[in-house]
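Here the structure comes first, spelled out in structure tokens, and everything after it is commentary.
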Amino acid sequence: MYPHLLAPGRIGTMSVRNRIVMSPMETMYGTPEGLPSDRTVAYFAARAAGGAGLITVGATGIDPLHPETPGGLQIGTDDAVAAHRRLVEAVHAHGARIQPQVVHAGPDGLGPEMHGVTSLGPSVIPSYLTGRPSAEATKDQIAAVLDQFRAAAVRVREAGYDGLELHAAHGYMFLGSFLAPQRNRRGDRYRGTSVEGRIRVVLEALAAIRSEVGSDFPVTLRISGYERVAAGRPVHDTAAIAPLLVEGGVDAFHVSGGVIDRLVTGMVNAADDGDGLNVGAAAAVKEAVDVPVIAVGRLHDPALAEQVLADGRADFVAMGRPLLADPDLPGKLAAGEPERVRRCISCENCIDTLEEKLATECAVNPFTGHELDRALPPAPQPRRVVVVGAGPAGLETARLADAAGHDVVLLERAERLGGALVAAATVHPENRPYLEWLVAEVDRSGVAVRLGAAATPEAVAGLAPDVVVVATGGAVVFPTVVGDDLPHVVRGLDPDRLPTGRRVVVIGGRLAAVEYAELLAARERLVAILEPGPEIGPEFGLKRRTEHFDRIDRLGITVHVGCTVDEITGSTVRYTPAHGSSRELAADAVVLAGTALPDLGLHDEVAERLPGVPVHAVGDAAVGLGLIRGATAGAAGVVQTIR
């Protein structure tokens, strides 16, 4: 089904079993010294076992005093080689190739904050991350950095890596910032106003590396095709300089796009940005050189990735978030089971958790980064597990418990599976593949599903469970507002029954309310959101929230936070905006979004009815609004305890 994607390929002297490359992604799983940890090894080994052809380890520094992130990896000392060798051997054991993405953080490292050293860049420019300005690197300092590239290349080879990727993309770190006209303001031979000046340091880094590893060690160059920024490199620049870079020693190009910012907006793209973002730029490079080209950027759909290769637009495709969501994606394609691939839902949890937890996690795959501490070996003794509720937490619990070897019964009072995820898939369509995957996996499993089954304590007790898991969702609590009993006031968010009238006021600004408001606006309603709290969407991180801000702006939705809602009348909502006085909004319909709170009612009743039987609550029933990430993590945690 995927003859191009699954065909073997070659980068320089490196043979690769298929055309699927794992993108370099920061995880922050490393040790405090910047070495691959047990967690790092398990994470990459899982992707190798899943069938990826070539794994690219995220930014791996050549100078330990200039880390890009805390917990980021480095190969800047001889002592690092042994730890990297252990990682390489774990990946090789599963038949995959592996290479590190070698970097110097340049102006964008945490050296000033962590080690008291001065960052170096092409010019005096602020770090995208901290705002702290770098110093303009002198020619002697540039030479010293090149020596670090040279030494790191030796260590990469000693560790057993199959090649290396040199990072010069996205207008940041040392090499990329020299390439970026908007950051490189030098006037010497490295000046940013000429092609020769911009690429000189990249060519010198390539020469330094080649002087140590020779011409037969594969070197890939990560470079932006189009950086999509004012005063940046033009759209044709990469294709024009690619032949010069091949002469300098590049064996393959990894063509990305965008420039760095705090939220990696142009690099890790939102669903609204579309798919296959950098394919045109990759194709342009391929048309200019005779070495392989790797395309990357929202190639989440294997069918699209296959088409890109079939059309000759690239030689390999890189996947990042899809392999966080399902490390077994390549193996499932090879087995002829593409429908079993768990798709990325573009929720940005992987980016937001880097900010929140200093570690990457995946909402739909609770085992990403937790391959060791959440491992679910076969149950030593099968138990009868009754799961109540078939939303995302219940479905995931049932699926995992069945996979562990337990006898599982799933009770759902509705006539369909999915719970709150059904509505979530309507307001955020990227959720739909995950909903369909969960339902299909449960259907394929040995779980006994009983629809239309009200789970009273007596009914649960009648099933003689060894363990009960309550996943019935949270209790939605609505605000009390004068006039909330009027006929045009709707309680709750039902995307299948939208309110009538053109002007709609949504009271409440949690995630579900925001997505519901976007759905209304997309269907030509004039929508206002009134949120008494200080922020909308507080339950998700800054990257996802900012994407919603952009969508709200595009759809013309008005938003007021820190406001009070005083009264609903037959045609208006009277409210007081933050720092303002009482005003009125015209409203043909008013929606009270409500807030999901934990609901342990059934849990407590079942526990009382079945003393001695472990009873667990997961998902929104346990934590209130926990989102998909809370549902899957909770399910994995509960199933771990069943023995």
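Start at 1 with the first residue, then count along the sequence. Keep in mind that this is a model prediction, so the values were computed, not measured.
Taking every heavy atom of both residues into account, Val296 and Ser23 meet most closely at CG2-OG, 3.4 Å. Annotation for Arg510 and Pro538: closest pair NH1-CG, 3.5 Å, computed over non-hydrogen atoms. When all heavy atoms of Ala635 and Glu396 are compared, the pair lying nearest together is CB-CG, 3.6 Å. The shortest non-hydrogen separation linking Val422 to Arg432 is O-NH2, 4.3 Å. Here the shortest heavy-atom pairing between Met28 and Leu354 reads CG-CD2, 4.0 Å. Listed here is the closest heavy atom pair of Gly418 and Leu435: CA-CD1, 3.7 Å.
At distances below 3.5 Å, at least one donor-acceptor pair connects side-chain atoms of His488 with backbone N or O atoms of Thr569. The backbone N or O of Ala359 sits less than 3.5 Å from a side-chain atom of Thr353, completing a donor-acceptor pair. Between the side chain of Arg321 and the main chain of Val268, no donor-acceptor pair closer than 3.5 Å is present. The main-chain N or O of Ile345 is found under 3.5 Å from a side-chain atom of His428 such that the two form a donor-acceptor pair. Under a 3.5 Å cut-off, the side chain of Arg298 and the backbone N or O of Gly274 do form a donor-acceptor pair. Proximity of a side-chain donor or acceptor of Glu531 to a complementary backbone N or O of Gly533 within less than 3.5 Å is detected. Remark: side-chain polar atoms of Asn184 are not paired, donor with acceptor, to backbone N or O of Pro122 under 3.5 angstrom. Formation of a donor-acceptor pair under 3.5 Å by the Ser256 side chain with backbone atoms of Gly297 is not found in this model. Between the Thr426 side chain and the Pro495 main chain, no donor and acceptor come within less than 3.5 Å of each other. At distances below 3.5 Å, at least one donor-acceptor pair connects side-chain atoms of Arg183 with backbone N or O atoms of Pro126.
Here the CD1-OG distance, from Ile260 to Ser177, works out to 12.0 Å after rounding to the nearest 0.5 Å. Note: Leu421 CG to Tyr434 OH = 7.5 Å, rounded to the nearest 0.5 Å. Taking CE of Met22 as the start and CG of Leu329 as the end, the distance is 11.5 Å to the nearest 0.5 Å. Taking CG of Leu323 as the reference point, atom OH of Tyr43 lies at 8.0 Å (rounded to 0.5 Å). Expressed to the nearest 0.5 Å, how far CG of Leu110 lies from OG1 of Thr130 amounts to 7.0 Å. Going from atom OG1 of Thr56 over to atom CD of Gln101 covers 7.5 Å, rounded to the nearest 0.5 Å.
Summarising the local packing, CZ of Arg413 is surrounded by 12 or fewer heavy atoms from other residues, nucleotides or ligands at distances under 6.0 Å. Within a 6.0 Å radius of CZ in Arg503, other residues, nucleotides and ligands contribute 12 heavy atoms or fewer. Atom CZ of Arg416 is surrounded by 12 or fewer heavy atoms from other residues, nucleotides or ligands within 6.0 Å.
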Just do the side chain to side chain contact (heavy atoms under 4.5 Å, CB included) check on Leu417 and Leu451 with the steps written out, would you? CA-CA 8 Å; Leu417 300 176; Leu451 297 175; 3.5 Å; yes
So Thr368 and Arg47, side chain to side chain donor-acceptor pair (under 3.5 Å) or not? Walk me through it. CA-CA 10 Å; Thr368 292; Arg47 274 76 199 164; 3.0 Å; yes
How far apart are the C-alpha atoms of Thr632 and Asn365, what are their side-chain angles, what is the distance that settles it, and do they pass the side chain to side chain contact (heavy atoms under 4.5 Å, CB included) test? CA-CA 7 Å; Thr632 59; Asn365 181 4; over 6 Å; no
Could you walk me through whether Asp485 and Val489 pass side chain to side chain contact (heavy atoms under 4.5 Å, CB included), step by step? CA-CA 7 Å; Asp485 56 346; Val489 178; over 6 Å; no
Begin with the C-alpha distance, continue with both residues' side-chain angles, and end with the deciding distance and a verdict on side chain to side chain contact (heavy atoms under 4.5 Å, CB included) for Arg340 and Glu441. CA-CA 8 Å; Arg340 299 200 66 181; Glu441 288 296 299; 2.7 Å; yes
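Under 4.0 Å is where a charged nitrogen must lie from a carboxylate oxygen, and between Asp273 and Arg228 no such pair does. Using a 4.0 Å cut-off between charged side-chain N and carboxylate O, Arg544 and Glu547 make no salt bridge. Salt-bridge formation is detected for the pair Arg491/Asp484: a Lys NZ or Arg NE/NH1/NH2 atom is positioned less than 4.0 Å from an Asp or Glu carboxylate oxygen. In this structure, Arg551 does not pair ionically with Glu515, as no charged nitrogen and carboxylate oxygen lie closer than 4.0 Å. Electrostatic pairing of Lys543 and Glu355 does not count as a salt bridge here, judged by no charged N lying under 4.0 Å from a carboxylate O. Between Arg132 and Glu113, at least one side-chain nitrogen of the basic residue sits less than 4.0 Å from a carboxylate oxygen of the acidic one, meeting the salt-bridge criterion.
Two residues are said to be in side-chain contact when any heavy atoms from C-beta on lie closer than 4.5 Å; Val364 and Ile628 meet this criterion. Residues Leu530 and Leu585 have side chains in contact (heavy-atom distance under 4.5 Å, counting atoms from C-beta outward). Counting only heavy atoms from C-beta outward, the side chains of Tyr172 and Met267 approach each other to under 4.5 Å. In this structure, Val561 and Ile536 have side chains that are in contact, with non-hydrogen atoms separated by less than 4.5 Å. Using a 4.5 Å heavy-atom threshold, the side chains of Pro499 and Leu520 count as touching. Side-chain contact check for Tyr29 versus Thr360: some heavy-atom pair is nearer than 4.5 Å. Looking only at side-chain heavy atoms (C-beta outward), Arg313 and Gln307 stay at 4.5 Å or farther from each other. By the 4.5 Å heavy-atom criterion applied to side chains, Asp261 and Val259 are not counted as neighbours.
Note: Phe174 and Phe178 have tilted aromatic rings, judged against thresholds of 30 and 60 degrees for the angle between ring planes. Ring geometry for His560 versus Tyr575: interplanar angle of 30 to 60°, hence tilted.
Side-chain atoms of Asn349 and Arg629 include a donor-acceptor pair closer than 3.5 Å. Defined by atom type and a distance below 3.5 Å, a donor-acceptor pair is present between the side-chain atoms of Arg233 and Thr238. For Glu430 and Ser346, the side-chain atoms include no donor-acceptor pair closer than 3.5 Å. For Asp599 and Thr472, the side-chain atoms include no donor-acceptor pair closer than 3.5 Å.
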